[in-house]
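Keep in mind the model is a prediction, meaning the values are calculated, not measured. Side chains included, hydrogens not; waters and symmetry mates left out as well; all remaining heavy atoms used. First the proteins, then the strands, lettered A, B, ... as listed; each starts at 1.
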Protein chains: 2
Amino acid sequence: MISSPPKPAKPKFATRRRLIDATARLFAEHGYNGLTMRSVAHEADANLAAANYHFGSKDALVLEMLSERIQPINKRRIALLEEAKQRNGKLAPSAHEIFHSLIFPIGEEIARSSKSRWSLAQLVARTFTEPVCFIERMHQKFFSQIAKIYYQELSLAFPNAPTNEIHWHLHLAVSSMLGALAQHRRLRDFTEGVCSEEEVGEMINRLIRFVTNGFIMGINSSSAE
Amino acid sequence: MISSPPKPAKPKFATRRRLIDATARLFAEHGYNGLTMRSVAHEADANLAAANYHFGSKDALVLEMLSERIQPINKRRIALLEEAKQRNGKLAPSAHEIFHSLIFPIGEEIARSSKSRWSLAQLVARTFTEPVCFIERMHQKFFSQIAKIYYQELSLAFPNAPTNEIHWHLHLAVSSMLGALAQHRRLRDFTEGVCSEEEVGEMINRLIRFVTNGFIMGINSSSAE
DNA sequence: CGTTCATTGAAACGCTTGTTTGAAAAAATA
DNA sequence: TATTTTTTCAAACAAGCGTTTCAATGAACG
């Protein structure tokens, strides 16, 4: 034997990390109920008991994964929003700048995660559509604060618009964003091959413009009455 | 004993019907994987074996339910579209009329199903986000034809717009519609009670205007270049 | 080297899942 | 009423689930 030959598939990353990454992929593809501890263990090249050893339970594993994926996006959102505010001096950011700060960070993360590119888009969208109740709780924890911030920012940008109209249109804009993220993988089929889903930036930019237009036109026609 | 007293909870409808309705409610609330044959049987006041007897399998039961719920909506869509075309004579229907015919029938069905009002909205949206592959197949069967028709209609309404732009914006509009349907039950929480989800018509009308505005503005700015 | 601690591994634990069975009941048909 | 067909029912089936157990293994340290 020559000096302990390297094991054929020696894991480069810690088991914990591989488990989280495997969980992210499988959750995005199959949802919470479709994700099994056995499939996670297999995908991560780990033992079945490893996930319970490192995280305690399936719920805790998924929560840890979601927290790790979502928190950076939210931080980036706030950063971009602050950037826009400082760039404009005392002027409130425009609707386009506001929705850019909301949606663009998702595109950045999608582009960063080179492996199975659109997995993250599905993952983000799935956190909103999963029927499992503990995910709803986590979801509220992560997003209710963000929602409040964006409502306030839009109120400053449209000082003449009625309160409930801003709420309604922000709700529609966020829903559209999530729907588009969830449906994006169907773009090619839906358009019979005319449009392809390869370019992350193009899709994100189109989405930003779409919800910005829907928001502005809706708000303007409501405050014109 | 006095002339056979009526059984306390004597089923008024056939078991088959009760099973389908129970399936619809539970599928909307818990998704495909969260729906169990036992929960269906319990909700429908039927025996566990009844569903397999009447439908053969869980998959067949869910497919039957989806077909029954979705087909009427699609027929109504085509009817409304034809109505708009005849009303306009030789002129192509406007974007608003087109998206009205696409979205309004959902509102009609939601209003019709008085019990658990928003269940149908969730159900429609869930057929698009469920990760189970056989649902995707059914989905394609039901919607690819409709998608083609709407693409053609929008091409007539915007003859100067590039092909791929119409595809892109129709995709965004449909995605927004689905996202809004899926997220609607969160409206109250999301807006901290400012907006409530009681009025079906208001939500549907807002949604139609939102996607119409997003579509028109996006198409116009793309063909202006 | 010997000891301690963290991690892995294979097997098993209850439990729930979709589905099947065969007899009982009900309904339909003659 | 007698016979056939359809429908219900309780019980069981194998398979898959999350989780636990405990011995084997690895790494870290004195």
Looking at [X] and [Y], what are the two nearest heavy atoms and their distance?
| X | Y | result |
| --- | --- | --- |
| Gly214(A) | His169(A) | O-CD2, 4.1 Å |
| Ala24(B) | Ser119(B) | O-OG, 4.2 Å |
| Val211(B) | Met177(B) | CG1-N, 4.4 Å |

Between [X] ([atom1]) and [N] ([atom2]), how many Å, whole number?
| X | N | atom1 | atom2 | result |
| --- | --- | --- | --- | --- |
| Arg18(B) | dT7(D) | CZ | P | 13 Å |
| Arg16(B) | dA27(C) | CZ | P | 19 Å |
| Asn47(B) | dT8(D) | CG | P | 9 Å |
| Asp45(B) | dT7(D) | CG | P | 19 Å |

Does any residue of residues 31-42 of chain A have a heavy atom under 4.0 Å from DNA chain C, and if so, which ones, in number order? Arg38(A)
Regarding Tyr53(A) and Thr15(A), is there a side-chain donor-to-acceptor distance under 3.5 Å anywhere? no
Going by the angle between their ring planes, with limits at 30° and 60°, are [X] and [Y] parallel, tilted or perpendicular?
| X | Y | value |
| --- | --- | --- |
| His171(A) | His184(B) | perpendicular |
| Phe143(B) | His139(B) | tilted |
| Tyr151(B) | His167(B) | parallel |

List, with names and distances, any nitrogen or oxygen atoms from the protein found under 3.5 Å away from nitrogen or oxygen atoms belonging to nucleotides 20-24 of chain D.
none

Can you see if the side chain of His54(A) gets near the phosphate of dT8(C) - specifically, an N or O under 4.0 Å from OP1 or OP2? yes
Please confirm whether the shortest side-chain N or O distance from Thr15(A) to OP1 or OP2 of dT7(C) is below 4.0 Å. no
Check: Leu102(A) main-chain N/O paired with Arg77(A) side-chain donor or acceptor under 3.5 Å: yes
